[in-house]
Amino acid sequence: MTDGTPKLRLYNTLAREKQAFLPIDAKNVRMYVCGPTVYDYAHIGNARPAIVFDVLFRLLRHLYGDDHVTYARNITDVDDKINARALRDHPGLPLNDAIRKVTETTAAQYQKDVQALGCLNPTVQPRATEFVLPRADGKADMVSIIQDLIKRGHAYEAEGEILFDTRSMADYGALSKRPLDEQQAGARVAVDAHKRNPADFVLWKSSSADEPGWDASFEVDGQKIPIRGRPGWHIECSAMSAAYLGKVFDIHGGGLDLIFPHHENEIAQSRCAHGTEVMANYWLHNGFVQVEGRKMSKSEGNFVTIAELLETDKFGGRAWPGEVLRLAMLMTHYREPIDFSVRKLQEAENLVARARSFIGNTPASNVPSEFLETIGDDLNTAAALNWLFSQRGEGIAAGEFRAAAELLGLDFTAKQLDADEAEKLTARIEQRLQLIRAKDWGEADRIRDELLAEGVQLKDGKDPATGERITTWEVNR
Ligand SMILES: Nc1ncnc2c1ncn2[C@@H]1O[C@H](COP(=O)(O)OP(=O)(O)OP(=O)(O)O)[C@@H](O)[C@H]1O
Ligand SMILES: [Zn+2]
């Protein structure tokens, strides 16, 4: 950074090309990422945006300074899927209590999951329900944004709903490159008879007595229309991003599936409510985690939860450490699809083991400039990791290796064992000794390699008194 300009280029979905990243304010670089809808455990697919944008957050902090980046990732805690889950799981509770139970446990589990994957906490994690009605602190809220949209002629009321009028925005569809006419062709007109245009979407919908709702009233053509209701999904992000990052900010991220309709509609709402040319300057989208060529998703039922992967033997007959999953994700460029497999995790685990034995307990020094440049080229973690591992033993110092890995959020130093871990370790060593006695060398080696990847090095020897095989261990710190 000799000329003072950060070397970062990002593929911008809005422009369909890689562009030099120039922040609006280098003293406060602002990024918003759509977070989880908290009704169920997060799966490996949901882990991908958390990891990818955590790497970008770390890189931005590296380039602009830790205190000069604001990263907001919301928690969607109002959604019809949440209501359904609350009714199913807690039929005895009043609906609001049941909903709170579902959202609080799911959100807490999500925090635990992403922390285990080495993700930093975002600067702020707003919850949608706190941004529905006008706030005492004057931060942006959904009801006021909807009212502004009505006032500016971009929204209308029909059958107890407030809808966004897509025809009122000249360049609606610019992000997904779907012209309105195309969208109209396949629309189910009969179902949406109350809409002016088939592409119009809900900003606010009325709630029945047994649905969660907020008392709001909207002024339409000089008339107050009270609607006890709930927000549409898209308006949540328009409000929370404006609340923390302002009307126009730098980066907006999420998975590829969010480009349309979610991000398209966020843009429509925010730009039309605020009268701005853009909502965010750079739109980034991660590719899918796939299983046999299909997107991992709850509705497909082809998912493994993060908790299952880390804590049970559901995937590949064993539990996997968080940094192995993280590395496995970063071995593919964020815009490419990842086919998720046991082999991929094993490959990552081998690399973790090699990195551990190389780094030992060396403290971190400087991030090598070639590594930084490669990451700065549209977050090319795959190429950067290739380069890094090819340099091991070829001149790069262990401290530089460690600094580079830390920039990706990969901690390759071994942890100290607590009592619980020590007990588990003893059991695995005993299990391995039994396998050796049974001449099952393959399985015995697998346990040794697994432990190595976790930072525990086994040493085989003989008890000098009895001549019996014994195993000692040390932690690579
Ligand atoms: N298979 C996947 N690969 C990569 N990203 C994904 C995948 N599935 C969901 N995401 C992303 O995870 C984030 C969290 O989204 P959300 O909680 O709404 O998940 P979801 O859409 O309910 O998941 P699902 O698609 O399984 O229903 C979004 O950015 C979404 O794009
Ligand atoms: Zn969003």
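Quick note: numbers below take in every heavy atom, side chains included, and nothing from hydrogens, waters or symmetry partners. Numbers here simply count residues along the sequence, with the first being 1. When a ligand or atom number is given, it counts from 1 through the structure's own listing order.
- Of all atoms in ligand 1, numbered sequentially from 1 with element shown, those under 4.0 Å from a heavy atom of Pro36 are 17 (O).
- For Glu104, the salt bridge (charged side-chain N to carboxylate O under 4.0 Å, His left out) test picks out no residue, with sequence neighbours left out.
- The closest side-chain donor-acceptor pair between Ser341 and Asp339, if any, does not fall under 3.5 angstrom.
- Applying the side chain to side chain donor-acceptor pair (under 3.5 Å) test to pairs two or more places apart or on separate chains, those with a residue in residues 142-151 are Asp141-Ser144.
- Within a 6.0 Å radius of CZ in Phe201, other residues, nucleotides and ligands contribute more than 12 heavy atoms.
- Legend: residues meeting salt bridge (charged side-chain N to carboxylate O under 4.0 Å, His left out) with Asp449, ordered by chain and number and at least two apart, are absent.
- Residue-ligand proximity, His43 to ligand 1, at heavy-atom distances under 4.0 Å covers atoms 8 (N), 23 (O), 24 (P), 26 (O).
- Gly45 CA, 3.5 Å is the protein heavy atom nearest to atom 2 (C) of ligand 1.
- Ligand 1 has at least one atom lying under 4.0 Å from a heavy atom of Gly287.
- Looking at atom 1 (N) of ligand 1, its nearest protein heavy atom turns out to be Met296 O, 2.8 Å.
- Judged by the shortest distance from any of its heavy atoms, Pro49 lies inside the 4.0 Å radius around the atoms of ligand 1.
- Annotation: cation-pi geometry satisfied between Arg178 and Phe260 (NZ/CZ under 6.0 angstrom from ring centroid, within 45° of ring axis).
- Side-chain contact, Trp387 with Glu370: a donor N or O sits under 3.5 Å from an acceptor N or O.
- Annotation: Asp66, atom CG; neighbour count of heavy atoms from other residues, nucleotides and ligands within 6.0 Å is above 12.
- Classified by interplanar angle (parallel below 30°, tilted 30° to 60°, perpendicular above 60°), the ring pair His252/Trp283 is parallel.
- In Arg135, the CZ atom is crowded: over 12 heavy atoms of neighbouring residues, nucleotides or ligands sit closer than 6.0 Å.
- Cation-pi geometry between Arg73 and Phe53 is not satisfied (NZ or CZ under 6.0 Å from the ring centre, within 45° of the ring normal).
- Counting heavy atoms under 4.0 Å from ligand 1, residue Asn46 touches it through both backbone and side chain.
- For atom 31 (O) of ligand 1, the nearest non-hydrogen atom from the set Leu256, Asp257, Ile51, Ile338 belongs to Asp257.
- In terms of protein heavy atoms, atom 26 (O) of ligand 1 is closest to Lys298 N, 2.5 Å.
- Each of the following atoms of ligand 1 lies closer than 4.0 Å to a heavy atom of Ser297: 24 (P), 25 (O), 26 (O).
- Contact between His285 and ligand 1 is absent, with no heavy atom of the residue lying under 4.0 Å from the ligand.
- Contacts between Asn286 and ligand 1 below 4.0 angstrom, taking non-hydrogen atoms only, involve the side chain exclusively.
- At a cut-off of 3.5 Å, with distance as the only test, no side-chain donor of Asn46 or Tyr110 sits close to an acceptor on the other residue.
- Looking at Lys295, Met329, Glu300, Arg73 and measuring to atom 8 (N) of ligand 1, the nearest heavy atom belongs to Lys295.
- Partner of Ile75 under the side-chain contact (heavy atoms from CB on, under 4.5 Å) criterion, out of Thr37, Val38, Thr103: Val38 alone.
- The distance between the ring centers of Phe249 and Tyr244 does not fall below 6.0 angstrom.
- Considering only non-hydrogen protein atoms, atom 3 (N) of ligand 1 sits nearest to Val289 N, 2.8 Å.
- Around the Zn ion (ligand 2), the protein N, O or S atoms found under 2.8 Å comprise Cys34 SG, Cys237 SG, His262 NE2, Glu266 OE2.
- With respect to atom 28 (C) of ligand 1, the closest heavy atom belonging to the protein is Leu258 CD1, 3.8 Å.
- Of the protein's non-hydrogen atoms, the one nearest atom 29 (O) of ligand 1 is Gly255 N, 3.1 Å.
- At a heavy-atom cutoff of 4.0 Å, ligand 1 is contacted by no atom of Gln290, backbone or side chain.
- For atom 18 (O) of ligand 1, the closest non-hydrogen atom of the protein is Thr37 OG1, 3.6 Å.
- Judged purely by distance below 3.5 Å, without hydrogens or angles, the side chains of Ser238 and Glu266 never pair a donor atom with an acceptor atom.
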